[in-house]
Amino acid sequence: MQTQRTSDEDRAAGLTVKPVPAAPWRVVSARPLPGHRLKLRFVDGVEGTVVFRDGFFRGVFAPLKDEGRFRRVRVVDGVVTWPGGLDIAPDAMHDALAERGEWVIGG
């Protein structure tokens, strides 16, 4: 769990900062699997598989149809990202995986 520390300046002013827990939807690992799938784990322990269907690979996400590019996935600041600034909001993935263990995106 991440916490926020009280700075010297805050202490001097008589202020305290309460610890702020990390958002539960922050991704801690993303492992690409065959067939345009990702195995994700979140900071709160939720895990599951996201399945990307052909409908996802449109517009800015079209280059990810190439399996080699898709496999270049990384986690940056708790968010699933790919080179070129592509990312997916983790909150919806978290909710679906917590409920069903799998999320299919792109119809």
Side-chain heavy-atom pair T81, L86 within 4.5 angstrom cut-off: no
Do L33 and R31 have side-chain heavy atoms sitting under 4.5 Å apart? yes
Share the residues that join V104 in a hydrophobic cluster, the rule being Ile, Leu, Val, Met, Phe, Trp or Tyr side chains under 4.5 Å apart at the heavy-atom level. V51
Besides V76, the hydrophobic cluster formed by Ile, Leu, Val, Met, Phe, Trp and Tyr side chains linked at under 4.5 Å, directly or via other members, contains none
Contacts of V75 that satisfy side chain to side chain contact (heavy atoms under 4.5 Å, CB included) - sequence neighbours left out: V27, A30
Quick one: list whatever passes side chain to side chain contact (heavy atoms under 4.5 Å, CB included) with P32, sequence neighbours left out. L38, R71, V73
Name each donor-acceptor pair under 3.5 Å that joins a side chain in residues 57-68 to protein atoms two or more places apart or in another chain, with its distance.
residue: R58; atom: NE; partner: G55; partner atom: O; Å: 3.2
residue: K65; atom: NZ; partner: D54; partner atom: OD1; Å: 2.4
residue: D66; atom: OD2; partner: G68; partner atom: N; Å: 3.2
residue: D66; atom: OD2; partner: R69; partner atom: N; Å: 2.9
residue: E67; atom: OE1; partner: H36; partner atom: ND1; Å: 3.4

Would you give the length of the straight line joining atom CZ of R26 to atom CZ of R41, rounded to the nearest 0.5 angstrom? 13.5 Å
CD on E47 to OG on S29, rounded to 0.5 Å: 7.0 Å
If we check side-chain contact (heavy atoms from CB on, under 4.5 Å) with V28, which of these qualifies: D44, L40, V43? V43
Give me each pair satisfying ring-ring contact (aromatic ring centres under 6.0 Å, His included) with a member in residues 87-107, each pair once, sequence neighbours excluded. F42-H94
If you apply the rule side chain to side chain contact (heavy atoms under 4.5 Å, CB included), what do you find for L97 with W25, and how did you get there? CA-CA 10 Å; L97 295 179; W25 47 258; over 6 Å; no
Heavy-atom closest pair (G78 atom, P90 atom, distance to 0.1 Å) is O-CG, 3.8 Å
Take atom CZ of R53 as the centre, draw a 6.0 Å sphere, and report whether it contains more than 12 heavy atoms from other residues, nucleotides or ligands. no
Under the side chain to side chain contact (heavy atoms under 4.5 Å, CB included) rule, what do I88 and M93 come out as? Steps first, then yes or no, please. CA-CA 9 Å; I88 299 178; M93 288 188 292; 3.9 Å; yes
